[in-house]
K.L.:
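Sharing a structure with you now.
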Amino acid sequence: MLEEVERWLTRRSWSVSDRPLERVLAAKRGTTVSVVLPALNEEATVGDIVSVIRRELMTGAVPLVDELVVIDSGSTDRTAEVAAAAGARVVARDDILPRIPAVPGKGEVLWRSLMVTSGDVVCFVDADLRDFSADFVTGIVGPLLTDPDVEFVKAMYDRPFGDTPGQGGRVTELVARPLLNLHWPRLAGFVQPLGGEYAARRSLLERLPFPVGYGVELGLLVDALHTVGLDALAQVDVGVRKHRHQDGQALGRMAAAIYRTAQLRLSRGHLVRPLLTQFERGEKGFEPRTYAVDTEERPPIAEITEYAQRRVA
C-alpha cells in the first residue's frame with residue numbers, strides 16, 4: 001500500500017462512534033441534508049428505512065435530515081405506496097427531467113435525484129437494507145458537517161453472505177478492488193468502494209458525470225479523487241450491512257458494467273463489443289443470453305439547463 005494511503009487511513013477513516021450525534025447536530029448549523037433512496041421493487045424494506053430516518057433523524061429534538069426522498073425507478077410492487085405511507089416524499093424517475101428520456105439503471109436514478117432535492121449535503125442509501133440503523137446516515141454525514149475539508153464520504157461495514165460473516169461483496173473483491181489497486185492505488189484504502197451508502201457535498205456531485213448503471217459507485221469515487229483529491233475523501237465504519245443478494249449472473253452483468261466504467265476512465269476509448277453473453281441451462285442444454293453493458297453516462301448536472309434554472313429560481 002502506498003505511504004500516502006497509509007497516512008490517509010489514519011486521518012480519514014473513522015467509526016460512527018467518533019462523532020456522537022450531539023456533536024454532529026451542533027456542527028450542522030445552516031447546512032441542509034437530503035437523504036435519497038433509489039428504489040426498484042423494494043416494498044419489503046423501504047418502509048422500515050424511511051420510518052427509522054424519520055423517527056430518529058427528522059424530529060424537533062434531532063433535526064439532522066431536512067429532506068427524505070425515495071426515487072421510484074418503475075417499481076411494479078407497492079414500493080411507492082409503502083414509502084409514502086412511512087413518510088417519504090416519493091418521486092417517479094420518469095417525472096424528473098422529462099426532456100431527457102430515462103434509461104434503466106441505478107446511476108440514472110441518482111443523477112436525476114439531484115434535480116428534485118435541495119440539500120447542501122446529499123446522502124444516498126440503498127433501499128434493500130435490512131435491520132437498518134440510523135448510524136448509516138449519521139456516520140457518513142457527520143464528517144461533512146464537522147470537517148470543511150471533507151467532500152465525499154463512503155460507509156464501510158461487514159457484509160455477511162447469508163449466515164456466513166464477511167463473505168458479501170463478491171463483485172468488490174473479484175472486480176472493483178483489483179481494478180482500483182492496479183489502476184488507482186490511491187483508492188486502495190476504501191473498504192467498500194462499491195457500497196451504496198455514501199454522502200457528498202452537492203457542490204461536488206453537480207460537477208461529476210454519473211454512469212447510468214451499476215458502474216456509478218466506482219465512477220463517482222474515481223472522479224471525486226481526480227476532482228478534489230484523496231484528502232477530501234473519507235470513510236466511516238457503520239457496523240454491519242444486511243441486504244438482498246443477487247444471483248451470480250446478475251453479478252456478472254454488474255461486473256461488466258463496472259469494468260466498462262473503469263475502462264472509460266482509463267482511456268476514454270470505445271469498447272469494441274459492449275455486450276456480455278451468459279449461459280443458462282434450458283430444455284436443450286445451455287442457452288446463451290446476451291445483455292448490453294451499460295455504456296452511457298450522464299453529464300455533470302451543473303451542465304443541464306433545467307438544473308441551472310432551478311438554482312436561479
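The first residue of the sequence shown is numbered 1, and numbering continues consecutively from there.
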K.L.:
Would you say the side chain of I71 lies within less than 4.5 Å of the side chain of V36, judging by non-hydrogen atoms?
P.N.:
yes

K.L.:
Under a 3.5 Å threshold, yes or no: a donor from one side chain and an acceptor from the other, between T227 and R207?
P.N.:
no

K.L.:
Does any non-hydrogen side-chain atom of W111 lie less than 4.5 Å from one of V212?
P.N.:
no

K.L.:
Using only heavy-atom distances, determine whether the side chains of Y198 and Q235 contain a donor-acceptor pair under 3.5 Å.
P.N.:
no

K.L.:
Has S13 got a side-chain atom pairing as donor or acceptor with T10's backbone, closer than 3.5 angstrom?
P.N.:
no

K.L.:
Say whether R202 and T117, considering side chains only, have a donor N or O and an acceptor N or O under 3.5 Å apart.
P.N.:
yes

K.L.:
If you compare all heavy atoms of A83 against all heavy atoms of V50, which two are closest, and at what distance to 0.1 Å?
P.N.:
O-CG1, 4.1 Å

K.L.:
Rounded to the nearest 0.5 Å, what's the gap from CZ on R11 to CZ on R7? Could you check?
P.N.:
9.5 Å

K.L.:
One pair to check against side chain to side chain contact (heavy atoms under 4.5 Å, CB included): I49 and E42. What are the steps and the verdict?
P.N.:
CA-CA 11 Å; I49 298 172; E42 303 294 356; over 6 Å; no

K.L.:
Under 4.5 Å between any side-chain heavy atoms of F132 and I53, yes or no?
P.N.:
yes

K.L.:
Taking all non-hydrogen atoms of both residues into account, name the closest pair between V236 and V16 and its distance.
P.N.:
CG1-N, 3.5 Å

K.L.:
Between the side chain of R12 and the main-chain N/O of D231, is any donor-acceptor distance below 3.5 Å?
P.N.:
yes

K.L.:
Given salt bridge (Lys or Arg N to Asp or Glu O under 4.0 Å), test K28 with D66 step by step and report yes or no.
P.N.:
CA-CA 11 Å; K28 187 174 187 287; D66 301 280; 2.8 Å; yes

K.L.:
Can you check whether D135's main-chain N or O pairs, donor with acceptor, with S133's side chain at less than 3.5 Å?
P.N.:
yes

K.L.:
Please check this pair: side chain of N181 against backbone of R177, looking for a donor-acceptor N/O pair closer than 3.5 Å.
P.N.:
yes

K.L.:
Using a 6.0 Å distance limit plus a 45 degree cone around the ring axis, check whether R186 lies over the aromatic ring of W8.
P.N.:
no

K.L.:
So, the side chain of R19 versus the backbone of V24: is there a donor-acceptor pair under 3.5 Å, distance only?
P.N.:
no

K.L.:
Any side-chain heavy atom of P300 within less than 4.5 Å of one from P209?
P.N.:
yes

K.L.:
Start with the C-alpha distance between W184 and F190, add both sets of side-chain angles, then the distance that settles ring pair (Phe, Tyr, Trp, His ring centres under 6.0 Å), and finish with yes or no.
P.N.:
CA-CA 11 Å; W184 295 282; F190 277 92; over 10 Å; no

K.L.:
State whether the side chain of N41 and the backbone N or O of D77 hold a donor-acceptor pair below 3.5 Å, judged by distance alone.
P.N.:
yes

K.L.:
Looking only at non-hydrogen atoms, find the nearest pair between G139 and V238 and report the distance.
P.N.:
CA-CG1, 4.3 Å

K.L.:
Once rounded to the nearest 0.5 Å, what's the spacing between atom CG of D126 and atom CG of L129?
P.N.:
6.0 Å

K.L.:
Heavy atoms, side chains only, cut-off 4.5 Å: are E43 and E81 in contact?
P.N.:
no

K.L.:
Do D72 and R93 come close enough that some side-chain heavy atom pair is under 4.5 Å?
P.N.:
no

K.L.:
Taking atom types as modelled, find out whether D48 and T45 have a side-chain donor-acceptor pair closer than 3.5 angstrom.
P.N.:
no

K.L.:
Can you name the nearest heavy-atom pair linking A224 to L233, along with the distance?
P.N.:
CB-CD2, 3.9 Å

K.L.:
Looking only at non-hydrogen atoms, find the nearest pair between E297 and L264 and report the distance.
P.N.:
OE2-CD1, 3.5 Å

K.L.:
What do the steps show when you test E206 against Y307 for side-chain hydrogen bond (donor to acceptor under 3.5 Å, both in side chains), and what is the final call?
P.N.:
CA-CA 9 Å; E206 63 188 11; Y307 186 82; 2.8 Å; yes

K.L.:
Consider only side-chain N and O atoms of S15 and D237, and report whether a donor and an acceptor are under 3.5 Å apart.
P.N.:
no

K.L.:
Is there a side-chain hydrogen bond (donor to acceptor under 3.5 Å, both in side chains) between D120 and T32 once you walk through the steps?
P.N.:
CA-CA 5 Å; D120 303 312; T32 53; 3.0 Å; yes

K.L.:
Pick from R265, E108, E217: which one makes a side chain to side chain contact (heavy atoms under 4.5 Å, CB included) with P211?
P.N.:
R265

K.L.:
Does the side chain of V137 reach to within under 4.5 Å of the side chain of E197, using non-hydrogen atoms?
P.N.:
no

K.L.:
Are R89 and L68 close enough, and set up right, to give a side chain to side chain contact (heavy atoms under 4.5 Å, CB included), and what steps lead you there?
P.N.:
CA-CA 6 Å; R89 176 161 64 96; L68 176 55; over 6 Å; no

K.L.:
Main chain of K154, side chain of Q192: is a donor-acceptor contact present, judged purely on distance under 3.5 Å?
P.N.:
no

K.L.:
Any side-chain to backbone donor/acceptor pair from T59 onto R55? Under 3.5 Å, distance only.
P.N.:
no

K.L.:
Any donor and acceptor pair, going by atom type alone, linking the side chain of R201 with main-chain N or O of V150 inside 3.5 Å?
P.N.:
yes

K.L.:
Determine, for R54 against E56, whether the closest basic-nitrogen to carboxylate-oxygen distance falls under 4.0 angstrom.
P.N.:
no

K.L.:
Using side chain to side chain contact (heavy atoms under 4.5 Å, CB included), reason through V91 and V70 one step at a time and then give a plain yes or no.
P.N.:
CA-CA 6 Å; V91 183; V70 170; over 6 Å; no

K.L.:
So does E306 pair up with R99, basic N to acidic O under 4.0 Å?
P.N.:
yes

K.L.:
List the atom of G195, the atom of Y157, and the distance in Å for their closest heavy-atom pair.
P.N.:
CA-OH, 3.1 Å

K.L.:
Could you walk me through whether V46 and D128 satisfy the side chain to side chain contact (heavy atoms under 4.5 Å, CB included) test, starting with their C-alpha distance in whole Å, then the side-chain angles of each, then the deciding distance to 0.1 Å, before giving a yes or no?
P.N.:
CA-CA 7 Å; V46 68; D128 66 342; over 6 Å; no

K.L.:
Mind checking whether F124 and L205 have side chains closer than 4.5 Å, heavy atoms only?
P.N.:
yes

